[in-house]
Amino acid sequence: MKKYEKVFQKDYETWYGENEAYRKQVAEDPDRLAFHLMPETGWMNDPNGLCQFKGEYHIYYQYPPFEPTGELKLWGHYKTKDLVTYEQCQPVLFPDSDEDAHGVYSGSAFCENGKINFFYTGNVKLFDRPDYDYINSGRVSNTMYVTSEDGMHFSPKKCLMTNSDYPADISAHVRDPKIIKREDGYYMVLGARDKESKGLVLVYRSDDLTNWKYHGRITTENAFGYMWECPDYFKIGDKKLLSTSVQGLEGGIWEDRNVYQSGYFEIEGDILGEYKLSEYHLWDYGFDYYAPQSFETEDGRRIHISWMGMPDCEEYSNPTIQTGWQHCFTFPREIFEKDGKICQRPIRELEEKKHLVSDVKGMLAGEGYPVYEMTISDITKNRFKVILSEKLILDYADGKFRMHFTDQDKTSVSSGRSMRYVEVEEVENLKILADTSSVEVFVNDGEYVFSTRYYPEVYKLQAEAVGAQITLSEIM
């Protein structure tokens, strides 16, 4: 497939029919995951259109199925009744119109009156323009709209806004619409970059979901990164959170972090009026985490899912490229408040899939467990060490929790990953969720979370924490 040639559904169907051997090659890769979402072939990035509709969950995602390096994007689709076991569906949105010819980019879902309303960014790059610079000229970011009554079949596309509808001081980088409903109407938040390279969120208002007018913007007094992607706004208890993925943070603590960050501001006041933003809190301190999106379940939980990857990263990679696929999603997490702190935990539906293997005090060693959950609780000496597959170390000492690899070569278990850490006064408990080539670590009931991909040759466990209870459960 050519990188910037439109892709129609019939093109995909023809390609799919001709590439059974490719699918078989990917399916046989030993690094494939047991219960995390991943692409059948090719590449996966941002989660899109997350929703629960008529009792069923729908998860869409950025999906170039043709190759593993993330070129021309369409929307892939999974559905599930329990967020643990999934049914793969046909892709639903293709870059087949003039308004999204270079990619069906990220967007969200809003359910109302028996219908799912989808909003996404249609990407167009005008390479033939002499002033093309990718930032201010030569790129078109169209806000697109489609609807569905079943999550499978979609209405014709409608372009709601294009570059001329955004404020004059905004660059060509505007994307990732998310809808907020209030008593006085609907509001849309869009990630943006202004012409001075300051990150912000644009806010638009509508009475009918199709006609939108500029309402305002959300940003910091001084520039905090040059681009705010994937904006999301919701409440957890009494806390109001603006989640966004920030590009362009440099210096200080950011030198020890990822190339881009995903986190949230707590909001004092009203983001649609007078407001104050707190400091920026990271959702995840590990290596592979970006572009989270959340939704509310029918039973009132706030669930979010993220791309377990990192864009524009030169530090580390994934060897699965060699077998024709790359990336996955984090396991779905519930966001909740505990003692005034925002925390995350794996969704409760996972409990039914666990089988207890070992329950010991102080020390655990084992071999041959690629898919499991380990918990360390009642840590009494505030010191512990866990070694996964001989190369990935989780430890706590001298006020610092660390995730680090003993071998950081790009051909090793780490594929180039080094160390990530957070300073914390006390570690009381730890939950490790491991799935073949992924690890997610929840510290202090999810006050801090670390996510990483890794690629073991052997699966060995070693955990030591004086006085603590250590439990190991296989996930079936």
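Note: hydrogens, waters and symmetry copies are ignored here, and every other heavy atom, side chains too, is used.
Between the side chains of Ser451 and Asp288, not a single donor N or O lies within less than 3.5 Å of an accepting N or O. Side chains of Gln62 and Asn48: a donor-acceptor N/O pair is present below 3.5 angstrom, by distance only. For the 3.5 Å distance criterion, the side chains of Thr320 and Asp31 fail to qualify, holding no donor opposite an acceptor. Side-chain contact annotation: Arg193 with Ser171, donor-acceptor N/O pair under 3.5 Å absent. Side-chain contact check for Gln326 and Asn318: at least one donor-acceptor pair (N or O, by modelled atom type) lies under 3.5 Å. In the model, Thr220 has no side-chain atom that pairs as donor or acceptor with a side-chain atom of Asn222 under 3.5 Å. Between the side chains of His173 and Gln247, no donor N or O sits under 3.5 Å from an acceptor N or O. With no hydrogens or angles considered, a side-chain donor-acceptor pair links Ser412 and Ser414 at under 3.5 Å.
Under the ring pair (Phe, Tyr, Trp, His ring centres under 6.0 Å) criterion, Phe110 pairs with Tyr186, sequence neighbours left out.
Ring pair Tyr280/Trp228: centre-to-centre distance not below 6.0 Å. In this structure, Tyr285 has its ring center at least 6.0 angstrom away from the ring center of Phe401. In this structure, the ring of Tyr187 has its center no less than 6.0 angstrom from the ring center of Tyr233.
Below 30°, between 30° and 60°, or above 60°: for Tyr316 and Phe287 the angle between ring planes is above 60°, a perpendicular geometry. Taking the six-membered ring where tryptophan is involved, the planes of Tyr61 and Tyr63 are tilted, since the angle between them lies from 30° to 60°. Between His58 and Phe53, the ring planes are tilted. Angles from 30° to 60° get that label.
The closest donor-acceptor contact from the side chain of Ser438 to the backbone of Arg453 lies at 3.5 Å or more, if one exists at all. No donor-acceptor pair under 3.5 Å is formed between the side chain of Gln293 and the backbone N or O of Cys230. Formation of a donor-acceptor pair under 3.5 Å by the Asp133 side chain with backbone atoms of Asn136 is found in this model. Looking at Thr244, its side chain does come within 3.5 Å of a backbone N or O of Glu229 through a donor-acceptor pair. Side-chain N or O atoms of Ser317 include none that pairs as donor or acceptor with a backbone N or O of Gly416 at under 3.5 Å. Although no hydrogens or angles enter the test, the distance criterion places a donor-acceptor pair under 3.5 Å between the side chain of Asp165 and the main chain of Thr162. A distance-only check finds a donor-acceptor pair linking the side chain of Gln261 to the backbone of Asn258 [under 3.5 Å]. Panel note: side chain Lys391, backbone Gln408; no donor-acceptor pair is recorded below 3.5 Å. No side-chain donor-acceptor contact under 3.5 Å links Trp307 to the backbone of Thr330.
More than 12 heavy-atom neighbours from other residues, nucleotides or ligands sit within 6.0 angstrom of CD on Glu426. Annotation for Glu196: atom CD does not count as buried by contact number, only 12 or fewer foreign heavy atoms lying within 6.0 Å. Within 6.0 Å of the NZ atom in Lys213, the count of heavy atoms belonging to other residues, nucleotides or ligands does not exceed 12. Atom CD of Gln469 has more than 12 neighbouring heavy atoms from other residues, nucleotides or ligands inside a 6.0 Å radius.
When each of Tyr264, Phe295, Trp283, Phe234 is paired with His304, the ring-ring contact (aromatic ring centres under 6.0 Å, His included) condition holds for Trp283 and for no other.
The existence of a salt bridge linking Arg217 and Asp169 is confirmed by a sub-4.0 Å separation between a basic side-chain nitrogen and an acidic carboxylate oxygen. Ion pairing between a basic and an acidic side chain is recognised when a charged N comes within 4.0 Å of a carboxylate O; Glu315 and Arg420 show such pairing. Residues Asp184 and Arg182 are not paired through a salt bridge, judged by the lack of any N-O separation under 4.0 Å between the basic side chain and the carboxylate. Checked for salt-bridge contact, Glu334 and Arg345 meet the test: a charged N lies under 4.0 Å from a carboxylate O.
Scanning all heavy atoms of the two residues, the minimum distance from Phe329 to Ile59 falls at CE1-CG2, 3.8 Å. Across all non-hydrogen atoms, the minimal contact from Thr121 to Asp176 is OG1-N, 2.9 Å.
Stacking of Lys400 on the aromatic ring of Tyr421 is recorded, both the 6.0 Å distance cut-off and the 45° axial limit being met.
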